[in-house]
Amino acid sequence: MQVVATAGHVDHGKSALVRALTGMEPDRLEEERRRGLTIELGFAWTALPSGKRVAFVDVPGHERFVTTMLAGVGPVPAVMMVVAADEGWMPQSEEHLAALDALGVRSGLLVISRADLADPTPALRQARARLEGTGLRGVETVAVSSVTGEGLPELTAALDRLTSRLPVPAPDAPVRLWVDRAFTVKGSGTVVTGTLPAGTISVGDELVLTPEGRRVRVRALESLKEPVETVRGVARVAVNLRGVDHDRVRRGMALVGPDQWTMTTCVDVRIGSAEASGRLPRQMILHIGSAAVPVRLRPLGPDTARLTLNARIPLHVGDRALLRDPGRRSVAGVRVLDVQPPPLVRRGAGARRARELAAWPDRPGGELLLRRHGVLRERELTIMGCAPPSGAIRIEPDWLADPDHWERLRRRLAEEVARQAAEQPLAPGITLEAARLRLGLPSRRLVAELVRPPLRLDGGRVHGPRTGPPPQVVEAVRRLRAEVAAAPFRAPDAGRLAELGLTGRTLAAAVAAGAVLRLDEGVVLPAGADEQAARVLAELPQPFTVAQAKQALGTSRRVAIPLLEHLDRRGLTERDGDHRRVRAR
Ligand SMILES: Nc1nc2c(ncn2[C@@H]2O[C@H](COP(=O)(O)OP(=O)(O)OP(=O)(O)O)[C@@H](O)[C@H]2O)c(=O)[nH]1
Ligand SMILES: [Mg+2]
């Protein structure tokens with residue numbers, strides 16, 4: 001199936017044409033028939049001579065209903081631009097064409113209608129000239145009369161050619177069905193309709209109703225009024241939903257595949273407008289699919305801007321949309337460059353962002369997005385609408401990192417560790433959490449992955465390369481050695497230790513570095529004092545008492561007792577009741 005929308009000025013015969021082509025009535029409302037005017041979107045379909053089916057979305061031409069017209073053409077890939085032979089090009093011919101062009105519609109037909117009322121040639125020539133500067137330049141043209149039937153066979157043949165040229169979207173493409181109608185059917189509940197541009201919906205599928213994010217189940221499906229189990233885009237679809245009241249669903253909402261789209265209220269876009277973005281109004285309406293969302297525009301570069309939306313909508317990078325200023329009735333096409341753009345808080349951030357975006361293509365790929373974000377989960381990239389780039393660094397379970405960014409992070413981690421070591425030499429290393437915060441990473445797992453020699457991970461901290469004890473420790477130990485030079489076992493008392501600077505963290509670092517022996521609380525000797533004591537004690541008659549040891553070592557009980565216990569523990573001496581002997585080596 002293919003779906004074709006109508007477009008064109010009010011009363012130019014769009015609905016009459018759809019009626020003549022399909023035998024169905026696109027103007028369903030009583031008011032429409034009474035006033036001879038399309039107010040709401042109309043839907044009709046037929047089989048073409050080739051057997052292929054085509055559905056029409058018939059839009060209103062009246063200038064008051066442009067928003068409805070945009071909701072109708074938004075998700076549709078092709079258009080039938082209708083111009084009346086007897087009136088020629090009119091304001092809404094122009095306005096509709098500008099909108100189609102801004103939305104990037106490139107497939108369609110130019111139909112000169114009401115050909116029984118006037119020679120179609122002048123209108124045809126005029127319309128062709130208008131289409132020349134747009135994406136619809138050079139489309140096939142047909143002159144028809146819905147009253148006499150003249151030209152209808154040519155039109156159906158042209159529709160056949162048009163629809164056979166249209167690309168067939170991938171059946172596994174992400175699903176986004178913009179709702180154009182919602183109603184209740186007695187006995188079945190809520191039904192929403194829309195044009196499915198791509199992807200597949202099946203009965204039983206779970207979808208997400210945006211913007212509220214509610215999960216809904218597809219209870220039944222219809223396409224062209226026939227029940228179906230599964231439907232592939234492009235198609236007109238009616239979805240019967242379980243789990244939602246019809247008055248909670250409105251045009252402009254969307255049914256999307258779970259985890260397939262970024263729900264966002266802020267996007268950076270490229271604007272396809274003759275005017276610089278700085279000259280555009282700051283308040284505009286963003287039209288995409290069937291949605292019309294007020295936005296605030298902040299110009300970035302000459303053709304780029306940041307849009308802040310006042311409703312959350314499901315978007316992908318590369319999406320086309322339309323900005324409209326209802327006051328001036330002007331439109332501009334936009335391409336979504338980033339669906340999760342960085343906040344612009346610091347001075348100069350806007351200008352920097354503008355320079356960055358200037359280099360981006362209209363459809364940035366995963367590589368650019370990953371470079372911008374540095375590190376992302378694969379899922380985040382997918383819901384932006386991008387495939388993971390082949391050069392990305394993969395980190396379990398599902399992280400992707402830009403290689404350059406990853407290298408920079410490695411360097412920064414080394415710098416952070418070095419800085420910590422310089423600032424707090426006695427407590428080197430930083431916790432994974434501190435490193436995570438300083439590097440602005442979303443997970444400690446990533447920090448751990450960044451640790452490579454000479455950095456090492458030990459006890460939950462990232463340490464730098466092993467080095468000797470810091471200078472103030474070396475200096476304090478030197479003072480201790482000088483202090484005990486004459487009497488090597490007369491350990492300074494607590495007050496003196498403090499004067500030497502050997503307390504707290506310095507002492508702990510000296511002990512950790514193996515530069516001193518801490519025998520007891522406040523009993524500290526230079527490293528090696530134990531071996532030296534063993535040599536002195538070996539000169540005594542064996543075994544010896546504490547008193548004899550104390551005298552030989554020239555120290556007090558305060559030192560001798562813990563020193564001897566230390567020697568016992570090290571196996572340098574061995575105890576037997578009140579006596580000890582130095583062990584033979
Ligand atoms: N003679 C003649 N009249 C036509 C033809 N097509 C449409 N009309 C008449 O033109 C008027 C407008 O036709 P519609 O089909 O309602 O026009 P429309 O473009 O759908 O109008 P809106 O939906 O309101 O924009 C109606 O009175 C039709 O009967 C035609 O081929 N020949
Ligand atoms: Mg109509």
Side-chain angles (χ1 to χ4, degrees), residues 3-46 54-74 76 78-100 105 108-124 126-127 130-131 136 141-159 180-181 193 195 236 251 290 329 331:
V3 182
V4 176
T6 59
H9 196 72
V10 64
D11 261 358
H12 276 202
K14 299 180 290 297
S15 302
L17 197 59
V18 169
R19 204 177 295 125
L21 284 166
T22 65
M24 297 171 77
E25 178 54 64
D27 288 335
R28 289 164 289 120
L29 306 181
E30 192 275 328
E31 186 188 356
E32 289 178 317
R33 270 174 269 182
R34 186 162 35 82
R35 294 170 64 185
L37 181 82
T38 301
I39 297 167
E40 264 304 327
L41 297 174
F43 307 98
W45 53 91
T46 189
V54 61
F56 296 98
V57 176
D58 183 37
V59 308
H62 195 283
E63 60 175 325
R64 279 186 36 219
F65 306 135
V66 171
T67 297
T68 305
M69 180 271 177
L70 290 173
V73 300
V76 173
V79 70
M80 217 161 41
M81 182 79 206
V82 179
V83 180
D86 57 326
E87 275 203 341
W89 198 255
M90 294 292 279
Q92 269 61 58
S93 315
E94 187 65 36
E95 192 171 8
H96 287 190
L97 177 64
L100 293 168
V105 177
L109 300 174
L110 170 60
V111 181
I112 305 300
S113 59
R114 314 210 314 182
D116 57 305
L117 294 180
D119 173 11
T121 317
L124 176 62
Q126 192 185 20
R130 298 297 181 143
L131 262 53
L136 288 170
T141 57
V142 192
V144 299
S145 164
S146 303
V147 170
T148 67
E150 178 203 340
L152 281 178
E154 287 80 359
L155 179 56
T156 51
L159 280 166
D180 48 36
R181 277 192 305 160
T193 68
T195 303
R236 282 297 304 171
R251 169 173 299 166
S290 62
R329 312 195 70 97
V331 295

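On a predicted model such as this, the values are computed, not experimentally measured, just so you know. Counting convention: from 1, in listed order, for ligands and their atoms alike.
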Quick check on atom 11 (C) of ligand 1 - does any protein heavy atom sit closer than 4.0 Å to it? yes
If we number the atoms of ligand 1 from 1 as shown, the ones under 4.0 Å from a heavy atom of Leu37 are 24 (O)
Polar contacts were defined as any N/O atom of the residue lying under 3.5 Å from an N/O atom of the ligand; does this apply to His12 and ligand 1? yes
What is the nearest protein non-hydrogen atom to atom 18 (P) of ligand 1, stated with its residue, atom name and distance? Lys14 N, 3.5 Å
Quick note on ligand 1: atoms under 4.0 Å from a heavy atom of Ser15 include exactly 15 (O), 18 (P), 20 (O), 23 (O)
Worked verdict on Asp180 versus Ser290 for side chain to side chain donor-acceptor pair (under 3.5 Å): CA-CA 6 Å; Asp180 48 36; Ser290 62; over 6 Å; no
Could any protein non-hydrogen atom be found less than 4.0 Å from atom 5 (C) of ligand 1? yes
Heavy-atom nearest pair, Val83 first then His12, reads CA-ND1, 3.7 Å
Show which atoms of ligand 1 fall inside a sub-4.0 Å distance from at least one heavy-atom site of Val10. 24 (O), 25 (O)
If you define the side chain from C-beta out and look only at heavy atoms, does anything of Ser93 sit under 4.5 Å from Met81? yes
Looking at atom 27 (O) of ligand 1, would you say a protein heavy atom lies below 4.0 Å from it? no
Considering only heavy atoms from C-beta outward, does the side chain of Leu41 approach that of Val59 to under 4.5 Å? yes
Could you check atom 31 (O) of ligand 1 against the protein and tell me its nearest heavy-atom contact, residue, atom and distance included? Ser146 N, 2.8 Å
Considering heavy atoms of the protein only, find what lies nearest to atom 32 (N) of ligand 1 and give residue, atom and distance to 0.1 Å. Asp116 OD1, 2.8 Å
Closest to atom 16 (O) of ligand 1 among protein heavy atoms sits Gly36 O, 4.0 Å
Close side-chain approach of Thr46 and Val54, heavy atoms under 4.5 Å: yes
Any side-chain heavy atom of Arg236 within less than 4.5 Å of one from Trp45? no
Nearest-0.5 Å distance, CD of residue Gln126 to CD of residue Glu87: 11.0 Å
So if I apply the side-chain contact (heavy atoms from CB on, under 4.5 Å) rule between Leu17 and each of Thr22, Asp58, Leu155, Thr6, which one comes out positive? Leu155
Would you compute the distance between atom CG of Leu136 and atom CZ of Arg130 and round it to the nearest 0.5 angstrom? 14.5 Å
Angle in degrees, rounded to 10°, that OG1 of Thr38 and OG of Ser15 form at the Mg ion (ligand 2): 90°
heavy-atom search around atom 9 (C) of ligand 1 in the protein gives Arg114 NH1, 3.7 Å
Interatomic spacing from CG in Leu152 to OG in Ser146 - rounded to 0.5 Å: 6.0 Å
Under 3.5 Å: N/O of Pro60 near N/O of ligand 1: no
Hey, does Gly13 come in under 3.5 Å of ligand 1, counting only N/O atoms on both sides? yes
Looking only at protein heavy atoms, which one is nearest to atom 15 (O) of ligand 1, and how far off is it? Ala16 N, 2.7 Å
I'd like to know whether Arg35 forms a salt bridge (charged side-chain N to carboxylate O under 4.0 Å, His left out) with Glu31, so could you lay out the CA-CA distance, the side-chain angles of the two residues, the decisive distance to 0.1 Å, and finally the verdict. CA-CA 6 Å; Arg35 294 170 64 185; Glu31 186 188 356; 2.7 Å; yes
Salt-bridge criterion met for Arg28 and Glu32 (N-O under 4.0 Å): no
Which residue owns the protein heavy atom closest to atom 3 (N) of ligand 1, what's the atom, and how far is it? Val147 CG2, 3.7 Å
Could you tell me the residue and atom name of the protein heavy atom closest to atom 23 (O) of ligand 1, and the distance to it rounded to 0.1 Å? Thr38 OG1, 2.7 Å
Is the Mg ion (ligand 2) less than 2.8 Å from an N/O/S atom of Thr6, whether that atom is in the backbone or a side chain? no
Of the listed options (Asp11, Leu152, Leu117, Thr6), which comes nearest to atom 22 (P) of ligand 1 when hydrogens are ignored and any heavy atom counts? Asp11
Looking only at distances, can you tell me whether any N or O atom of Asp27, backbone or side chain, sits closer than 3.5 Å to an N or O atom of ligand 1? no
Ion pair present between Glu40 and Arg181, side-chain N to carboxylate O less than 4.0 angstrom? no
